[in-house]
Amino acid sequence: MRPFRLVLPLLLAIFAWLAIGLPAGAVESVRVPPDASAIDLTRWVETYSNQGDRIQVSTAPGSDGIVRRIEVHAREQGARPSWIVFALTNDTDEQMERLIVAPHFRMVNSGVIWPDLGSERITEITASQGEAPEKQENSDADVFKLTLDPGATVTYVAELKTPKLPQLYLWEPESYKDKTNSLTLYQGIVIGIAGLLALFLTIVFVVKGAVIFPAAAALAWAVLAYVSIDFGFWSKIFGTEANADRIWRAGAETVLAATLVVFLFAYLNLSRWHVRASQLAVVWIVFLLALAGLAVYDAPVASGVARISLATIAGVGFILVVYLATHGIERAVMLIPTWLLLMVWVAAAGFTVTGSINNDLASPALLGGLVLLVMLIGFTIMQSAFAAGGVAHGAITDVERKALALTGANEIIFDWDVVSDQIYVSPEIEEHLGLSRGALEGPASSWINILHPQERDRYRACLDTVIEQRRGRIAQDFRLHAADGHYFWFRLRARPVVGPDGQVVRLVGTLADVTDQKNALERLLHDAVHDNLTGLPNREIFFDRLDMSLTLAETHEAHRPTVICIDIDRFKRINDSVGVSAGDSILLTVARRLGRILQPRDTLARISNDLFAIILVSQDQTEAIVALADRIRRTLSTPVTFANREIGLSVSIGIALYDPQWHPKREDMLKDAEIAMRYAKRDGGGRIEVFRPSMRSQTSNQQALESELRRAIDRDEIKLLFLPVVRLQDRTVAGFETMLRWQHPRIGKIEQGDFLPLAEDTGLSIDLSLFVLQRAARELAAWQKALVVDPPIFVTVNVSSRQLLRNDLVTDVKNVLTRAHLAPGSFRLEMSETLAMENPEFTSQLLGRLKDVGAGLSLDDFGSGYSSLAYLQRFPFDSIKIDRAFVRQEGGGDRAAMLRSIVSLAHDFGMEVIAEGAENESDVIELSQIGCEYAQGFAFGQPLTTSDARKLVGAAAEPVA
């Protein structure tokens, strides 16, 4: 019984394994020698299919001899992929890095019937221990990078995308790189030769026009397409996926077979031998072209039929060639060597696709041989077509014909007699360059001295290539040195004339002055990346240099670029008030000042109208960057003189310091700098802000708030408040100053200081101002009608900068006063001292017109700006308001003396005085004693709603204790 108890669990385990159909045997491990450049793992791989969406395997024994069991799940639940399992052992004491490479397509053993046309092979690889292999970017193969620890044996389970895995290699990374580079070089050479052949045969077709040349050119283009697809260049050019290459490959094989039929038919001129030959060729070609359409739906079927057809064409063509050659057809005799080589190529291709030849070099060799075949075909048809010597005669006749046409068109002729090495040019070019007659005639080497140094080597290469190749055309632009030292661009178009012995005897063509075209092109290229006004780089070149700087920062820790955004405060207002010419002058001045501050390796660009951006790489310390920004701010704050006027400037500066986490893209870094700049502008401008990540969320909230502000007026969310203004003589309410409050449905109360700057930036301040004017005038009219006092009660409304610049402001105020029937001067408009002094001449005219329509005028924040007393005397203000900074200033007697001076100055100008910031009884008494007429502040209460203001009107105002 005891042995039975021991064997029973083992039997149950085996039974369970058989029941679920999972592999149980441990995989055999492959030792990885440190000096092996590549190991073919194909024969060591164990393949499993129909395992469902998971597989259980036993790992290869580790260094401790223990066999473990692992379970791997497919990427997609419910899928039934194929799996492969292999194991690798590193028995050295050094860590190894290797590449698992599974090519998408191998011509070797791809098959004839339903061939394997390539696809992505491996979905992912799971390791029994350590990190999973990391997939590398590669368009030709599935490449996974793995690391083998010293003394480790690792079992790998790979989920396949296709049931078939043609090849699996383990490569040493550098060896794989060298192999790839060498193969890429070979592929580039082959594709280059194929492309030149196709282009050459096409050019010959255009020149000659015989039917044999387009047939050969079509075959050459088909071979070029097939080679490009097989080498992977097609997907790189057109961005196709690995799975899509199956369709292109099948289509290319069918087109290759079809063009081979066309070539054989055209070259042997089969139509003249029997009418059935033409019918058979047409049917065959149509059938093959239909196969190309079938490739879209079933690529393997189309490819298999095309491969069989290609072998059939080679065999049938060989029979035809031999038959016609035995009957004395010269073309067939000339084609025999080429067609024999084609038969050899077809046989080698057959052995390769069936797996008889199993070598990685077989496929590149076959494709190179295919290009060689096209080259031999090209030589064959050229020999056949040019054997009679008619082309040489035609070329000479063509040259003579063109020479007559050039003479009639008055073109500059270029003629180089190669045998005697003498150049002749029309005298017009020598006159154009200011040279003496015959200065450009002589040996070809005499032109070296008048050519620009950068064009001399190209000039020699063009002439040498034409002489060596004995064909082709020259179409090159050169700069020639004029007598006055300038260079002029000339375009040389020429072609060789070949003599009876096959050598070039002349090079004839024309010279055309293309200096204007070159200059226009250079201007277009310059304007494409530079600002037309300042000449600074524009957004495109700014982003290009920022890309380079960010890429460099990823590899060099010491390189830390900084983006600085500089925006001119209230630039639109300056443009509107003083004109576009003054605005352009300011932009030019700003560009010059910034250019003098920055280092040569820094980049200064004009991003938009008045927004400049800097890529700063000369400084990498935060303190130094902020100090430089402050220097920029102070430098740009110097007024600009235009038309004997000084225009004051201030700028808002945003700084985005380099942070790899926050700035993976160039747009992110510029956007952060702009966000910081807007923060600086939002607080009044003339400031510097360094970007903080929290600004992004605040900016999003600001944008949402802006969207809601546009609908706030229509929803009656904007409330008008009234701050009492008290007459100090009798403590009665003399008037009110209007204020706004946004009763936001979600946030609650928002004071005007928090949303008026937003309204100013977005243009909504105009709508808000009209709302205030109309609502305040309506309330004032009701108060004056209910309460008849002398002087009448007044209301003060603040004027924003956008209102001041509007031509309709006077009209709006006149309409409001006319409809409300208010007492003259009781509806007062108030503007700040800074706003009034931005354009004194314009402000003076505007205030005079407002005074004429019956509006009262008040100057706000007196003493806080830089006003001129001369202008202050010219402004028709009725009252001035002393800024609260003077009322609340500490200093005893100095404070009282300053207030007394301001009040005295205002009275001398015939103005009343309103003091802000009266917070207690002592402030009220002191202001009354120095002669101040009115005061407002906490001493007389907070801003009132419309209903509360109505109750207060007509009652004595007592100071709040």
Side-chain angles (χ1 to χ4, degrees), residues 539 542 546 560-574 590 594 597 604-616 619 621-637 648-659 661-710 742 744 747 750-765 768 800-802 832 834-835:
R539 180 181 289 267
F542 176 83
L546 185 55
R560 301 179 62 83
T562 299
V563 174
I564 301 176
C565 279
I566 304 167
D567 187 80
I568 303 174
D569 297 329
R570 297 175 295 278
F571 182 74
K572 185 178 184 305
R573 189 187 309 164
I574 296 175
V590 169
L594 290 173
I597 296 175
L604 171 63
R606 184 186 177 199
I607 301 298
S608 60
N609 185 27
D610 61 326
L611 179 63
F612 295 83
I614 298 171
I615 304 175
L616 186 67
Q619 300 287 349
Q621 298 298 320
T622 304
E623 296 79 4
I625 294 171
V626 174
L628 177 65
D630 186 62
R631 181 185 173 193
I632 291 173
R633 182 186 61 80
R634 287 185 281 105
T635 301
L636 297 183
S637 64
L649 293 181
S650 69
V651 294
S652 298
I653 301 177
I655 302 174
L657 303 174
Y658 174 70
D659 187 341
Q661 179 181 359
W662 288 98
H663 302 136
K665 300 178 181 178
R666 61 185 188 182
E667 292 85 358
D668 295 334
M669 199 164 186
L670 179 61
K671 186 184 299 181
D672 290 345
E674 290 180 333
I675 290 173
M677 179 271 296
R678 285 194 292 270
Y679 265 78
K681 184 178 288 292
R682 186 180 64 179
D683 294 334
R687 299 174 62 255
I688 300 171
E689 283 285 351
V690 180
F691 173 77
R692 301 181 301 278
S694 60
M695 290 181 177
R696 286 185 177 174
S697 59
Q698 296 176 16
T699 301
S700 300
N701 295 335
Q702 195 79 358
Q703 292 173 350
L705 201 63
E706 174 186 335
S707 178
E708 294 171 346
L709 181 59
R710 295 182 182 276
W742 183 4
H744 195 280
I747 302 176
I750 302 177
E751 301 298 333
Q752 66 178 17
D754 295 327
F755 68 85
L756 282 184
L758 179 63
E760 186 78 15
D761 293 338
T762 57
L764 294 175
S765 60
L768 287 175
S800 66
S801 59
R802 287 185 179 269
S832 67
T834 303
L835 181 62

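The model shown is predicted, which means the values in this text are computed figures rather than measured ones.
Between the side chain of R633 and the backbone N or O of L636, no donor-acceptor pair lies under 3.5 Å.
Residue D567 holds its CG atom at 12.0 Å from CD1 of I607, rounded to the nearest 0.5 Å. Of the inter-residue distances, the one linking I564 atom CD1 with I615 atom CD1 reads 11.0 Å to the nearest 0.5 angstrom. Here the straight-line distance linking atom CG of L611 with atom CE of M677 works out to 5.0 Å at 0.5 Å rounding. One distance of note links CD1 of I675 with CZ of R692; it measures 11.5 Å at 0.5 Å rounding.
Considering I625, I655, L657 in turn, I625 is the only one that fulfils the side chain to side chain contact (heavy atoms under 4.5 Å, CB included) rule with L616.
At least one side-chain heavy atom of L670 sits under 4.5 Å from a side-chain heavy atom of F542. Two residues are said to be in side-chain contact when any heavy atoms from C-beta on lie closer than 4.5 Å; I632 and I614 meet this criterion.
Residues N609 and R606 come closest through the heavy atom pair O-NH2, 2.8 Å. Considering all non-hydrogen atoms of both residues, C565 and E674 come closest at SG-CG, 3.7 Å.
Using a 3.5 Å distance cut-off with no hydrogens or angles, the side chains of S652 and D569 do pair a donor with an acceptor.
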